[in-house]
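Here's the structure, in structure tokens; my notes come after.
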There are 2 protein chains.
Amino acid sequence: MKPSVGIRDVAQHAGVSNATVSNVLNRPDVVAPATRQRVLAAIEQLGFVRNESARQLRAGRSRVLAYVVLDAANPFFTDVARGVEDAAREAGLALFLCNSASDGGREREYLELLHEQRVEGILITPVDTESAQLAERGTPIVLVDREATDGTRCSVAVDDVLGGELAVTHLIENGHTRIAMVGGPLSIQQVRDRREGALRALRNAGLPDDALTFLETKSLQVSEGRGAGERLVGLPASRRPTAAFCGNDLVALGLLQSMTQQGLRVPDDLAVVGYDDIDFAAAAAVPLTSVRQPREQLGRTAAQLLLAENEPDHEHRHVKFQPELVVRASTAIRRR
Amino acid sequence: MKPSVGIRDVAQHAGVSNATVSNVLNRPDVVAPATRQRVLAAIEQLGFVRNESARQLRAGRSRVLAYVVLDAANPFFTDVARGVEDAAREAGLALFLCNSASDGGREREYLELLHEQRVEGILITPVDTESAQLAERGTPIVLVDREATDGTRCSVAVDDVLGGELAVTHLIENGHTRIAMVGGPLSIQQVRDRREGALRALRNAGLPDDALTFLETKSLQVSEGRGAGERLVGLPASRRPTAAFCGNDLVALGLLQSMTQQGLRVPDDLAVVGYDDIDFAAAAAVPLTSVRQPREQLGRTAAQLLLAENEPDHEHRHVKFQPELVVRASTAIRRR
DNA sequence: CCTCGATGTTGAAACGTTTTAACACCTGAG
DNA sequence: CTCAGGTGTTAAAACGTTTCAACATCGAGG
């Protein structure tokens, strides 16, 4: 069960010193072919597995990156993760995914552990914007899909204000003047930004701020979208919004489900715009208009910034991508 | 940047020995309150972060579980992962997710690394059924959503033969006699099992085996479903199946998209059954009939088996759950 | 006053690697 | 025959913890 066969056992079995075994493992070219074969045979025979803890303790390096994800069940983040992993892999590093599940406590625990593990770097989409938990502790950290407000670290984000503006401008152009924004909690910077963008769109169009009804949800998950749908339908028809801009696609899908379930039609009774343009958005009951973000590029860039962090003259950078509106059936012009 | 402040620095700063600092960290109750405060202050002040490598090297334990997932982008696996994480967390362990992305090479690399890291245990949904890569190397391994054929380790699975049977029986009852099965590759045990179940359903109904057309795909992803859809539509109408049983929901969603795109209606022109019943199945363009698996329970049970692995008189167990058919619009009885 | 047990603290030995500098040996040039 | 230089191997010193046995100190019981 627990073989616990170390480098010394291998050395003894092969009739060499442990230094030679280490050389076989790390610089095979430096050891004579015959010896090398003998050592490899011994390794095979004894079932030796190198102890990474010891290696890391001595060598200082760790060969792994970690990405602490806000919600592993949201395809948006797994797409970002793919970009991260591609970049990590190119640099010869492995990627560990950690799911904070929007729970500050878990997030803190994972960060603590990752710091203690001395991973090469941490990518994180944090729960709170300004969490003190991100204090500098020696391991480089890059913010993903969030903007670092202070200059203490790199970040890669997408212009959420612009995204909100694109979405709501589109709705206004389609003739909507009573619009709901569904999402939350407001502690999430992105929700605030997207709302700000929405308001900007209203002002650009000369509409009053209260043309936007904000329905705050507790999280950005499908179930919350369903709940919001019920709240929406509960409103008197005269005051009910004719369009909804959702904090992300999961919420939008929930809202969609709730609408059909309650006998309302999308987009006729309610137009819906999502956010992220996850693959499932196009496959939805009513294909979803959504704001697309360059997901994989986001991850890839974040990883690259992280890897550049160790360079001598490193300066923290804040990369910001542009979102893009993808129009589908859920916001088709409504019949008059 | 690299503080590299160790336990000895803390000790010196607090005027105690390193053993005492270690005690404060691991057995706070054993050290006098006054001393403890002093040490904690020093830790805080110096920004000390315990080095997990050294701790693990000495202590032998590692406080982390890993789940090597077949496809992080498939919500099925993230749901399973949630179950795993809940159970791990209850046992005071953290969970690292690794994405093999159906790539045997990546899988091998991750396993290697995890073995070297001496994680407490590994959960894996392997790429190949009988991969030699899973050779015993001292770290307990439990198979998730796969059945261990030999008795060398635990596994938690769902009865895929039964699942296939349920799905196809349902289609037959709806009057279909030309049925396609879309999925692959056949190297995946589950695909084979589900096909076997499908054939069993045919036989039970007195239909010939060639009532089932097997369309093999290269993977179980959305894009493959789309591709299969084109192949299906390419068939002459007289020989074209009237129903499709898909290897999983992603493939089914792809197929669905492809159908609408090509102007065919579901379920009228083609009935579709998926597998897994991920949350998006219910929200699809045409809500998807699917075979539900107890996802979180699968993960939770797997983690529990893994944790039991260290018990003295452990015997490997193979838990098998029952799937359940969830009928929705994608297989509504077709009009005559 | 002595002894005993309880309570806190500590020195030093691990844990399993990597690495450095030194060493032995050999070959070919002078 | 000697020596310079190359090639291959090694002894021993880290790396930063945890743990164990031993050591003070102190109050109470005899």
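Just so it is clear: chains get the letters A, B, ... in the order the sequence lines come, proteins before strands, and each one is counted from 1.
Considering only side-chain N and O atoms, A/Ser17 lies nowhere under 4.0 angstrom from the phosphate OP1 or OP2 of D/dG8. Remark: A/Asn51 is not in phosphate contact with C/dT17, judged by side-chain N or O atoms under 4.0 Å from OP1 or OP2. The side chain of A/Ser4 places an N or O atom within less than 4.0 Å of a non-bridging phosphate oxygen (OP1 or OP2) of C/dG16. For D/dT17, neither phosphate oxygen OP1 nor OP2 lies less than 4.0 angstrom from any side-chain nitrogen or oxygen of B/Ser22.
Taking five base pairs at each end of the helix from C/dC1-D/dG30 to C/dG30-D/dC1 and finding the rotation axis that steps the C1' atoms of four pairs onto the next four gives two axes whose angle is 60°, to the nearest 10°.
Nucleic acid contact for B/Arg27: sugar-phosphate only, since backbone atoms but no base atoms lie under 4.0 Å from a heavy atom of the residue. A/Arg50 comes within 4.0 angstrom of the backbone, heavy atoms only, and of no base. Using a 4.0 Å heavy-atom criterion, one finds that B/Thr35 contacts the sugar-phosphate atoms exclusively. Here B/Ala19 lies in heavy-atom contact (under 4.0 Å) with a base. Within 4.0 Å of B/Asn23, counting heavy atoms only, lies at least one base atom of the nucleic acid.
In summary, B/Arg106 and B/Asp71 do not engage in a salt bridge, as defined by a charged side-chain N under 4.0 Å from a carboxylate O. B/Arg82 and B/Glu85 are not joined by a salt bridge, as no carboxylate oxygen comes within less than 4.0 angstrom of a charged side-chain nitrogen.
Side-chain N or O atoms of B/Asp9 include none that pairs as donor or acceptor with a backbone N or O of B/Val5 at under 3.5 Å.
Computed from coordinates, the B/Arg8 CZ to D/dT17 C1' distance equals 9 Å when rounded to whole Å. Taking atom CD of residue A/Gln117 and atom P of nucleotide D/dG16, one finds them 16 Å apart after rounding to whole Å. Atom CZ in B/Arg63 sits about 13 Å away from atom C1' in D/dT18, given to the nearest Å. Following rounding to the nearest Å, A/Arg36 (CZ) and D/dT9 (P) show an atom-to-atom distance of 10 Å. Whole-Å rounding puts the B/Glu116 CD to C/dT17 P distance at 10 Å. With rounding to whole Å, B/Glu52 atom CD is found 15 Å from D/dC15 atom C1'. Between the P atom of D/dA14 and the CG atom of A/Leu57 lies a distance of 14 Å, rounded to the nearest Å. Rounded to a whole Å, the CG atom of A/Leu25 is 12 Å from the C1' atom of C/dG16.
To the nearest 0.5 angstrom, A/Glu309 atom CD is 3.5 Å from A/His314 atom NE2.
Pairs of residues two or more places apart, or lying in two chains, never qualify as side-chain hydrogen bond (donor to acceptor under 3.5 Å, both in side chains) while including a residue from residues 33-43 of chain A.
A residue-by-residue look at B/Ala59 and B/Pro33 shows that B/Pro33 has its nearest nucleotide of DNA chain C further toward the 5' end. Of the two residues contacting DNA chain D, namely A/Asp29 and A/Asn18, the nearest-nucleotide position lying further toward the 5' end is that of A/Asp29.
Summarising the geometry of B/Ala303 relative to B/Leu123, their closest heavy-atom pair is N-CD2, 4.1 Å, with the distance given to 0.1 Å. Closest non-hydrogen pair, A/Ala11 versus A/Asn18, comes out as CB-N, 3.5 Å.
Side-chain polar atoms of B/Arg192 and B/Gln189 form a donor-acceptor pair below 3.5 angstrom.
Here the side chain of A/Phe48 is nearest to one of C/dG16, D/dG8, C/dT17, namely C/dT17. Here the side chain of B/Arg58 is nearest to one of D/dC15, C/dA14, C/dT10, namely C/dA14.
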